[in-house]
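This is the structure I want to talk about, given as structure tokens.
Starting from 1, each residue takes its place in the sequence as its number.
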Amino acid sequence: MRDSYDVVIIGGAVIGSAVAYFLTANPDFDGSVLIVERDNTFSQASTSLSAASIRNQYSNPINVQISQFGSEFIRDFGDTMQVDGEKPDLNFHESGYLFVAATAEQEQILRENHAVQAGLGADVVLWDADQVTAAFPYINAHDLRVASYGQSGEGWFSNTGLMNGFRKKARAQGADYILDEVTEICRDGDHITGVKLASGQAVSCGIVVNATGPRAAKTAAMAGLEIPVEPRKRTLFVFDCANSPEGSARVNNGRLPFLIDSSGTFCRPEGKYFLTGTVPEDDPVVDWDDFEPRHEEFDRIWMNLAARSEAFEAIKLVNYWAGHYAFNTLDHNVIAGPHSEVRNFIFANGFSGHGLQQSPAVGRGIAEWIIYGGFRSLDLSPIGYDRIVRGEPFLEKSVI
Ligand SMILES: Cc1cc2nc3c(=O)[nH]c(=O)nc-3n(C[C@H](O)[C@H](O)[C@H](O)COP(=O)(O)OP(=O)(O)OC[C@H]3O[C@@H](n4cnc5c(N)ncnc54)[C@H](O)[C@@H]3O)c2cc1C
């Protein structure tokens with residue numbers, strides 16, 4: 001490791017590693033990259049604790065396009081990320097999301113979202129209740145006004161596989177990784193000059209990237225900067241199902257979708273089990289080290305699932321854990337790009353519940369901004385830091 005790098009990335013989970021990959025993959029970049037990661041087990045990283053899924057079903061065209069690139073990238077991941085002939089397999093289950101609407105308001109949102117998605121070529125269809133029953137007979141559709149289903153480009157995959165693939169390839173392309181913690185960021189006026197590490201080492205740099213997930217505000221504060229991102233707890237549960245509906249679908253080779261119920265509870269297959277969670281009724285900021293699961297949420301989840309399907313009446317909890325959303329309190333969406341004044345401090349933070357799937361497009365975008373001083377493939381400036389300064393939310397109606 002050297003004492004000076006062109007780019008220092010703080011945080012080496014999926015976002016930091018995606019930025020490192022896209023930088024080092026770009027023939028127009030010949031600089032040096034250091035990734036500093038404080039915990040190589042990633043046991044508290046949102047990346048490892050996530051539901052590991054991707055959807056095109058957003059309301060904002062930029063989010064749809066971000067995910068469209070994400071699913072293409074995930075499909076091709078093995079070939080793109082191979083190192084020494086070894087191809088990582090993300091085990092992408094392209095099984096689709098099924099959003100169901102039971103109220104007039106939900107119906108209007110799904111219909112408006114669908115128009116945006118269809119306009120961008122996303123493979124999403126709108127169904128009435130009879131069509132839902134015909135495709136997925138286990139779902140109780142009597143109260144449904146409409147549903148939207150992603151026929152391709154959506155599903156779930158290996159979260160740690162995605163992170164490790166980016167890491168391994170970035171390293172093979174010349175990025176340096178170090179196990180250490182950034183404890184200070186050195187700033188001279190409107191310019192970041194370097195970072196100091198818990199080990200006592202100092203590293204100077206031309207650009208620093210904040211990829212520290214739920215700790216993003218703590219990291220920004222080291223440079224005297226602010227970002228409206230805080231840790232919010234989400235608990236996921238895995239259950240076994242006595243009368244599993246697996247294989248009962250009449251579309252997509254019998255595969256069940258990622259169901260987003262009108263109650264806010266979601267559920268998808270996880271191997272022979274099911275993975276589920278819900279929107280918390282109370283959602284306070286939590287301590288960075290508080291990972292105590294909210295076990296009590298399971299009763300509400302069970303009630304919602306059993307109302308949606310008889311198959312979910314007899315279920316048994318087999319595992320559960322809590323992770324942190326890096327929750328953007330302004331608008332629940334990523335902040336990607338430089339600080340408005342301290343231009344060599346780059347944010348890639350605040351993804352809330354959809355950062356894993358956005359890592360390819362945001363990693364690519366941040367790399368482009370560093371290399372060319374602007375976004376090239378997809379204009380991410382509407383999700384930049386300037387909107388935070390203006391207090392203007394980036395509108396996205398489909399947040400989970
Ligand atoms: C329960 C749950 C379900 C989710 N489901 C989905 C989903 O289905 N689909 C989806 O797309 N997204 C989902 N997400 C969101 C997604 O997981 C995150 O947006 C994404 O993983 C963020 O990655 P990250 O690299 O920014 O953050 P993290 O994975 O949290 O990584 C940040 C890294 O920074 C390191 N770090 C922090 N401070 C320092 C420091 N000072 N020095 C050095 N290193 C530091 C940490 O150790 C950590 O490894 C979910 C999240 C949760 C919690």
Side-chain angles (χ1 to χ4, degrees), residues 1-40 45 163 166-167 169-213 215-227 229 326 334-350 359 362-376 380 384-385:
M1 183 186 145
R2 320 193 315 217
D3 56 10
S4 175
Y5 282 83
D6 293 305
V7 181
V8 168
I9 300 171
I10 315 175
V14 78
I15 297 299
S17 295
V19 173
Y21 161 73
F22 279 102
L23 269 178
T24 51
N26 192 314
D28 292 336
F29 180 76
D30 60 1
S32 53
V33 181
L34 174 71
I35 298 98
V36 186
E37 170 53 56
R38 68 193 281 274
D39 174 17
N40 272 350
M163 172 180 73
F166 276 134
R167 290 176 77 207
K169 190 75 175 177
R171 201 178 264 136
Q173 291 173 167
D176 286 344
Y177 276 77
I178 183 175
L179 177 61
D180 212 323
E181 180 168 357
V182 171
T183 49
E184 272 180 61
I185 297 178
C186 312
R187 180 174 155 188
D188 181 10
D190 284 347
H191 199 75
I192 302 299
T193 55
V195 298
K196 288 191 180 156
L197 308 181
S199 59
Q201 198 157 354
V203 182
S204 61
C205 65
I207 285 185
V208 71
V209 179
N210 182 355
T212 55
R215 291 174 189 253
K218 192 179 184 186
T219 306
M222 292 181 202
L225 305 176
E226 287 181 3
I227 183 172
V229 173
V334 59
I335 301 160
H339 185 266
S340 311
E341 284 155 21
V342 184
R343 304 290 289 169
N344 68 339
F345 188 102
I346 316 280
F347 296 97
N349 308 114
S359 60
V362 172
R364 179 185 64 176
I366 298 289
E368 288 174 351
W369 200 93
I370 291 172
I371 298 167
Y372 306 113
F375 299 112
R376 290 269 170 110
L380 300 182
Y385 187 84

Exercise. Find out whether I10 and V209 are in side-chain contact, i.e. whether some heavy atom of one side chain is under 4.5 Å from a heavy atom of the other.
Key: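 No, side chains not in contact.
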Quiz item: Checking side chain to side chain contact (heavy atoms under 4.5 Å, CB included) for the pair N349/V334: CA distance, chi angles, key distance, verdict?
Solution: CA-CA 6 Å; N349 308 114; V334 59; over 6 Å; no
Quiz item: If we only count heavy atoms from C-beta on, is the F22 to F166 side-chain gap below 4.5 Å?
Solution: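 Counting from C-beta outward, F22 and F166 do come under 4.5 Å.
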Quiz item: Which distance, rounded to the nearest 0.5 Å, do you find between the CD of E37 and the CD1 of I9?
Solution: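 Result: 11.5 Å between the selected atoms.
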Practice problem: Looking only at non-hydrogen atoms, find the nearest pair between E184 and M222 and report the distance. | Solution: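 Shortest heavy-atom separation between E184 and M222 comes out as N-SD, 3.8 Å.
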Exercise. Scan side-chain atoms only and decide if S32 and R2 contain a donor-acceptor pair under the 3.5 Å cut-off.
Key: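 R2 and S32 do have a side-chain donor-acceptor pair below 3.5 Å.
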Quiz item: Measuring from T24:OG1 to F29:CZ, what's the distance to the nearest 0.5 Å?
Solution: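 T24 atom OG1 to F29 atom CZ measures 8.0 Å (nearest 0.5 Å).
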Quiz item: Under 3.5 Å, side chain of S204 to main-chain N/O of G194, donor-acceptor pair present?
Solution: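 No: the side chain of S204 does not pair with the backbone of G194.
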Quiz item: So, do V342 and L225 sit near enough that their side-chain heavy atoms are less than 4.5 Å apart?
Solution: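 They are in side-chain contact.
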Exercise. Using modelled atom types only, decide if a donor and an acceptor are shared between the side chain of N344 and the backbone of H191 within a distance under 3.5 Å.
Key: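 Judged by distance alone, no pair lies under 3.5 Å.
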Self-check item: Member of D6, I366, I370, V8 meeting the side-chain contact (heavy atoms from CB on, under 4.5 Å) criterion with I207
Solution: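 Among D6, I366, I370, V8, the one that satisfies the side-chain contact (heavy atoms from CB on, under 4.5 Å) with I207 is I370.
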Practice problem: Please name the pair of heavy atoms, one in G213 and one in V229, separated by the smallest distance, quoted to 0.1 Å. | Solution: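 That would be O-CG1, 4.3 Å.
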Quiz item: What distance separates D28 CG from R376 CZ, expressed to the nearest 0.5 Å?
Solution: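 If we round to the nearest 0.5 Å, D28:CG and R376:CZ are 7.5 Å apart.
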Quiz item: Are any non-hydrogen side-chain atoms of N40 and R167 less than 4.5 angstrom apart?
Solution: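 N40 reaches R167 side chain to side chain.
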Self-check item: Worked check of side chain to side chain contact (heavy atoms under 4.5 Å, CB included) between L197 and M1
Solution: CA-CA 13 Å; L197 308 181; M1 183 186 145; 4.1 Å; yes
Quiz item: Shortest non-hydrogen contact from Y5 to V203?
Solution: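 Taking every non-hydrogen atom into account, CD1-CG1, 3.8 Å.
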Quiz prompt | Worked verdict on V7 versus L34 for side chain to side chain contact (heavy atoms under 4.5 Å, CB included) | solution = CA-CA 6 Å; V7 181; L34 174 71; over 6 Å; no
Exercise. Quick one: pull up CD1 in I346 and CD1 in I192 and give me the separation to the nearest 0.5 Å.
Key: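 Reported value, rounded in 0.5 Å steps: 10.0 Å.
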Quiz item: Which atom pair, heavy atoms only, marks the closest approach of S359 to A18?
Solution: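 Distance-wise, the nearest heavy atoms are O-CB, 3.5 Å.
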Quiz item: Between CD of E181 and OG1 of T219, what distance do you get to the nearest 0.5 Å?
Solution: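 Answer for the CD-OG1 pair, E181 versus T219, is 8.5 Å.
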Quiz item: Is the cationic atom of R343 (NZ for Lys, CZ for Arg) positioned less than 6.0 Å from the six-membered ring centroid of F345 and within 45 degrees of its normal?
Solution: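 No - R343 does not lie over the ring of F345 by the 6.0 Å and 45° rule.
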Self-check item: Steps toward side chain to side chain contact (heavy atoms under 4.5 Å, CB included) verdict (I35, D176)
Solution: CA-CA 6 Å; I35 298 98; D176 286 344; over 6 Å; no
Exercise. Answer yes or no: are there more than 12 heavy-atom neighbours, outside E226 itself, under 6.0 Å from its atom CD?
Key: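 Atom CD in E226 is not crowded, with 12 or fewer foreign heavy atoms closer than 6.0 Å.
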Quiz prompt | Over all atoms of both residues, closest heavy-atom pair of V33 and L23 | solution =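 Residues V33 and L23, closest heavy atoms: CG2-CD1, 4.0 Å.
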Quiz item: Which heavy atom of S17 sits nearest a heavy atom of G12, and at what distance?
Solution: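 It is OG-O, 2.9 Å.
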Self-check item: S199 and D180: side chain donor to acceptor below 3.5 Å
Solution: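 Note: S199 and D180 side chains meet the donor-acceptor criterion.
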Quiz item: Using the ring of each side chain (for Trp, its six-membered ring), is Y385 parallel, tilted or perpendicular to H339, with breaks at 30° and 60°?
Solution: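 Geometry flag for H339 against Y385: tilted rings.
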